[in-house]
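Here is the structure we will look at, set down as structure tokens.
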Amino acid sequence: MIDTKTKLVALLGNPLGHSFSHRMHNENFKRMGLNYYYLPIEVKKEDIGELIIGMKKMNFVGFNVTIPNKIEIIRYLDEIDPLAYKIGAVNTVKITNGKLKGYNTDGDGFIDSLEKEGKIICDQNTFFIIGAGGASRAIAMTLAERRIKKIYIANRTLDRANDLCEDINKKIRDCTTPMTLEDKNIQEIINQTTVLINTTSVGMFPSTNETPIDTTQLKNSVTVADIVYNPPETKLIREAKAIGCPVVSGIGMFINQGARAFEIWTGMQAPILEMRKSVERMIIERQQ
Ligand code: ATR
């Protein structure tokens, strides 16, 4: 039951038709008996400022931000977490006494799922990231903050990989190397890799018959992670499994970035296992 005491959170993005976030969080609040409610709000970039003025007058304690607003939101913040500042994008905001503080939980959410599901410790390991867009930026920056050994960033467009690597090497430390997906040394580099991560949309519904790399290049010593979670098992994950690679699917990152946002807003620990069950159910329902 919503009443005058209900604490509000929201997702600001456009379009939001396919988002699972409000259902995942509302089921959580209900399960835990918390008087919170999560609203999906479709908002254009140019309207965010006015929306925030209104939110500050209401019972909002925070919100998530998604495409196309993750960069735009920064100008409205009073404070930004140092990692989100380096990433240059914010996906979670906490409102305290009318002041907005921005965070980015995407990279940490990904690493949480890698550690819990893939049993991977980041320290001293080598990562091969496919893609150089927003998701890659959050994951690569967050990894670079840990004690990883090396990150290769392979992208269709070399310029974008160059820019991202330069930014990480300058802002955090010199640990990344850019390359294209056609690089002549790609096989050798994949052989040295502990974890290969797809951060592109290749393989996402409806293009479910595509993989971002030729999977014959994989060895079973490489853990393969995909951030795509619809379908829950992408062609990349399916083929990597058949080769014998340990795999980490995209649902984990989605749930863990949400769990970290939940913890920022409520100060309570998120029930990860229950969150996973509800998201898996939602994906199955969507596919029927
Ligand atoms: P996001 O914020 O979700 O990461 P993005 O910033 O648009 O989205 O980045 C998408 C990434 O997927 C980019 O690395 C893009 O490669 P380009 O920089 O060359 O555009 C990559 N990508 C998208 N479709 C692709 C495809 N069909 N093959 C290879 N890479 C693709």
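Order of listing sets the numbers, starting from 1, for every ligand and every atom in it.
In summary, the aromatic rings of Phe262 and Phe29 are positioned with their centroids under 6.0 Å apart.
Arg276 and Glu117 are joined by a salt bridge, as a carboxylate oxygen and a charged side-chain nitrogen come within less than 4.0 angstrom of each other. The pair Lys171-Glu166 does not meet the salt-bridge criterion, since no charged nitrogen lies less than 4.0 angstrom from a carboxylate oxygen. The existence of a salt bridge linking Lys70 and Asp106 is confirmed by a sub-4.0 Å separation between a basic side-chain nitrogen and an acidic carboxylate oxygen. A salt bridge links Lys235 with Glu239: the closest approach of a Lys/Arg side-chain nitrogen to an acidic carboxylate oxygen falls below 4.0 angstrom.
Looking at residues two or more places apart in sequence or on another chain, you find a side chain to side chain contact (heavy atoms under 4.5 Å, CB included) between Ala84 and Ile80, Asp81, Val90, Asn104.
Of the protein's heavy atoms, Thr157 OG1, 3.4 Å lies nearest to atom 17 (P) of ligand 1. In this structure, atom 8 (O) of ligand 1 lies nearest to the protein heavy atom Gly134 N, 4.3 Å. Residue, atom and distance of the protein heavy atom nearest to atom 9 (O) of ligand 1 are Gly133 CA, 3.4 Å. In terms of protein heavy-atom proximity, atom 27 (N) of ligand 1 is closest to Arg156 NH1, 3.5 Å. Protein heavy atom in closest approach to atom 13 (C) of ligand 1: Arg160 NH1, 3.6 Å. In this structure, atom 21 (C) of ligand 1 lies nearest to the protein heavy atom Thr200 CG2, 3.6 Å.
Of all the listed residues (Asn155, Thr66, Ile129, Ile153), Asn155 holds the heavy atom that lies closest to atom 16 (O) of ligand 1.
Distances between N or O atoms of Ala132 and those of ligand 1 include at least one value under 3.5 Å. The shortest N/O to N/O separation between Ala135 and ligand 1 falls below 3.5 Å.
A side chain to side chain donor-acceptor pair (under 3.5 Å) with Asn91 holds for exactly one of Thr105, Thr66, Asn69, Asn64; it is Thr105.
Of all atoms in ligand 1, numbered sequentially from 1 with element shown, those under 4.0 Å from a heavy atom of Gly131 are 14 (O).
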